[in-house]
Protein chains: 2
Amino acid sequence: MKQDVKSEITKNLIVTKAFERFYQYGFNNTSIDTITSDLKLTKGAFYHHFKNKKELGATVIQQKIKDRILTGMIAPIYNHPDTPSKELLKLLFVERIQSFSSIEKNLGCPVNNFIHEIGNTDVLYQNALKNIIEEWQHALAELIEKGKFNKEIKQNINSNATALYLISTFEGVRGIRKLYNGNDIIINQYILALENYIDSL
Amino acid sequence: MKQDVKSEITKNLIVTKAFERFYQYGFNNTSIDTITSDLKLTKGAFYHHFKNKKELGATVIQQKIKDRILTGMIAPIYNHPDTPSKELLKLLFVERIQSFSSIEKNLGCPVNNFIHEIGNTDVLYQNALKNIIEEWQHALAELIEKGKFNKEIKQNINSNATALYLISTFEGVRGIRKLYNGNDIIINQYILALENYIDSL
DNA sequence: ACAAAAACATACTTACTAGTATGTTTTGAT
DNA sequence: ATCAAAACATACTAGTAAGTATGTTTTTGT
């Protein structure tokens with residue numbers, strides 16, 4: 001196999017496996033050894049492709065975590081250009097949270113987990129995570145602006161603040177839900193209040 | 001000094017110092033040695049009073065973290081029996097978040113941090129943290145019920161769901177704020193959207 | 001005063017993990 | 001075919017941290 005292709009494949013394998021492990025066990029509770037041995041690789045391979053664990057962490061955020069938000073939360077906004085704003089807002093959050101597997105509900109949100117575990121330990125992480133939140137907020141704010149333009153949403157609504165409010169609640173609930181192994185009462189209450197909130201906009 | 005008094009004092013010193021360290025550096029990044037050496041004590045003293053680190057963690061949650069929520073978020077609800085519900089709701093969250101020092105804003109919320117760091121690693125932690133959230137939610141729901149009774153709040157509002165929604169947003173924002181070292185734009189946006197939300201109830 | 005138990009100290013073990021030094025195999029350009 | 005560099009392996013270092021074993025000091029009930 002060509003070297004550059006092989007290199008890319010190995011890097012991707014490491015980043016993908018790292019994301020899985022980080023999500024399930026946390027960044028600090030995942031050693032380089034467990035990641036590489038899962039892939040039948042060794043430390044030598046890892047440190048050939050990555051400078052250190054921090055670089056791996058940043059790569060996982062920039063690629064895997066960002067992709068998860070892009071695919072799951074941002075892309076759907078643009079995939080439904082004809083759906084009324086409020087309806088789409090409800091769809092986005094309600095369907096998303098209901099689509100999670102029991103494991104994902106118990107494990108919480110990867111972005112949020114990373115924010116709390118290493119989000120304020122290094123500027124590198126901070127900026128990578130901030131970038132994800134801000135793109136998400138921006139996309140939502142655009143949708144809200146569209147709703148205002150179409151007179152579906154009240155003119156005095158601040159779109160950026162509302163976007164942040166929606167994201168915060170979503171992340172907050174996913175955190176609290178981690179305490180309720182297998183019990184969805186929290187999620188159902190969230191959906192109730194969320195629909196009421198969106199109606200009020 | 002009497003033994004039981006001395007024992008209580010030492011235990012309290014350890015729990016208090018542990019809370020400080022856990023809040024600032026996290027549970028996993030705080031060693032027993034740093035806690036005890038801060039107090040001019042040794043491992044021997046610690047393991048005489050606590051079975052293990054897990055017991056210390058649970059005690060910190062049950063005492064320090066719970067007390068923080070009780071004092072900062074729950075007690076004020078009952079200290080203002082004559083304030084209209086919506087006004088009090090705004091006061092509770094807005095004044096609270098504005099009262100935090102720059103350090104506290106950067107460090108986030110202790111409950112939330114614990115939830116994310118060890119909240120789903122052990123049933124002991126899970127229950128202790130759940131208890132805090134549920135007492136908080138219950139107190140807020142009571143206030144909302146009172147508002148409904150007084151016709152300040154719409155009758156179709158679900159008080160438990162709304163209480164959870166308020167808590168979730170607060171915790172979510174405090175998480176995201178951790179990415180914005182010293183920048184309060186997030187908090188200002190939160191306040192804007194929060195006031196709008198409470199008005200809509 | 002004294003024996004026992006509580007309170008605390010010292011020294012050690014064990015386990016884990018990030019990172020390094022160095023060696024071997026594979027790939028690619030000439 | 002061959003030499004250099006990339007890709008990966010092996011073995012090691014060093015630091016950290018939870019927990020234990022055991023010793024010393026202080027308190028307490030009699």
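So you know, we letter chains A, B, ... as the sequences are listed, proteins then strands, and number each from 1.
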### Message
At less than 4.0 Å, is any side-chain N or O atom of A:T10 found next to OP1 or OP2 of D:dA7? Yes or no.
### Response
no
### Query
Are B:H49 and C:dC8 close enough that a side-chain N or O sits under 4.0 Å from OP1 or OP2?
yes
### Modelled atom types, side-chain donor and acceptor of A:N158 and B:Q189, under 3.5 Å
no
Integer-rounded Å distance: [N] [atom2] and [X] [atom1]:
{"X": "A:I9", "N": "C:dT27", "atom1": "CD1", "atom2": "P", "result": "12 Å"}
{"X": "A:K11", "N": "D:dC8", "atom1": "NZ", "atom2": "P", "result": "11 Å"}
{"X": "A:I35", "N": "C:dG19", "atom1": "CD1", "atom2": "P", "result": "12 Å"}
{"X": "A:M1", "N": "C:dT25", "atom1": "CE", "atom2": "P", "result": "20 Å"}
{"X": "B:F46", "N": "D:dT20", "atom1": "CZ", "atom2": "P", "result": "11 Å"}
{"X": "B:L41", "N": "D:dT25", "atom1": "CG", "atom2": "C1'", "result": "14 Å"}
{"X": "A:K6", "N": "C:dT26", "atom1": "NZ", "atom2": "P", "result": "8 Å"}

### Name of the residue among B:Y190, B:F170, B:Y197, B:Y165 meeting ring pair (Phe, Tyr, Trp, His ring centres under 6.0 Å) with B:F93
B:F170
### Message
Would the distance check show the side chain of B:E145 and the main-chain N or O of B:S159 forming a donor-acceptor pair, the cut-off being under 3.5 Å?
### Response
no
### Task
May I ask you to decide if A:T34's main-chain N or O and A:S31's side chain share a donor-acceptor pair within less than 3.5 Å?
yes
Identify the pairs formed between an N or O of the protein and an N or O of nucleotides 3-6 of chain D at a distance under 3.5 Å, and give each distance.
unit_1: D:dA6; atom_1: O4'; unit_2: A:Q3; atom_2: NE2; d: 3.4

#### Entry: Toward the 5' end of DNA chain C, by each residue's nearest nucleotide, B:A45 or A:K51
B:A45
### Query
Counting any heavy atom closer than 4.0 Å, what does A:K54 reach on the DNA or RNA strands: base, sugar-phosphate only, or nothing?
nothing
### Flag if over 12 foreign heavy atoms under 6.0 Å of CD1, B:I185
no
### Query
Is atom NZ of B:K90 surrounded by more than 12 heavy atoms (other residues, nucleotides or ligands) closer than 6.0 Å?
yes
### Query
Hey, does the Lys NZ or Arg CZ of B:R21 hover above the aromatic six-ring of B:F27, less than 6.0 Å from the centre and inside 45° of the axis?
no
### Task
Is it possible for you to check whether B:R68 lies under 6.0 Å from the centre of the six-membered ring of B:Y23, through NZ or CZ, and within 45° of that ring's axis?
yes
For nucleotides 15-18 of chain D, print each protein N/O atom paired with a nucleotide N/O atom at under 3.5 Å, atom names and distance only.
unit_1: D:dA18; atom_1: OP1; unit_2: B:T30; atom_2: O; d: 3.4
unit_1: D:dA18; atom_1: OP1; unit_2: B:K53; atom_2: NZ; d: 2.9
unit_1: D:dA18; atom_1: OP2; unit_2: B:I32; atom_2: N; d: 3.0
unit_1: D:dA18; atom_1: N7; unit_2: B:K43; atom_2: NZ; d: 3.4

### Query
Should the pair B:D33-B:K43 be classified as a salt bridge under the 4.0 Å nitrogen-to-oxygen rule?
yes
#### Entry: B:K17 with B:E20: basic N within carboxylate O range, under 4.0 Å
yes
### Message
Once rounded to the nearest 0.5 Å, what's the spacing between atom NZ of B:K178 and atom CG of B:N112?
### Response
7.5 Å
### Query
If an axis is fit to five pairs at each end of the helix from C:dA1-D:dT30 to C:dT30-D:dA1, what is the angle between the two, to the nearest 10°?
10°
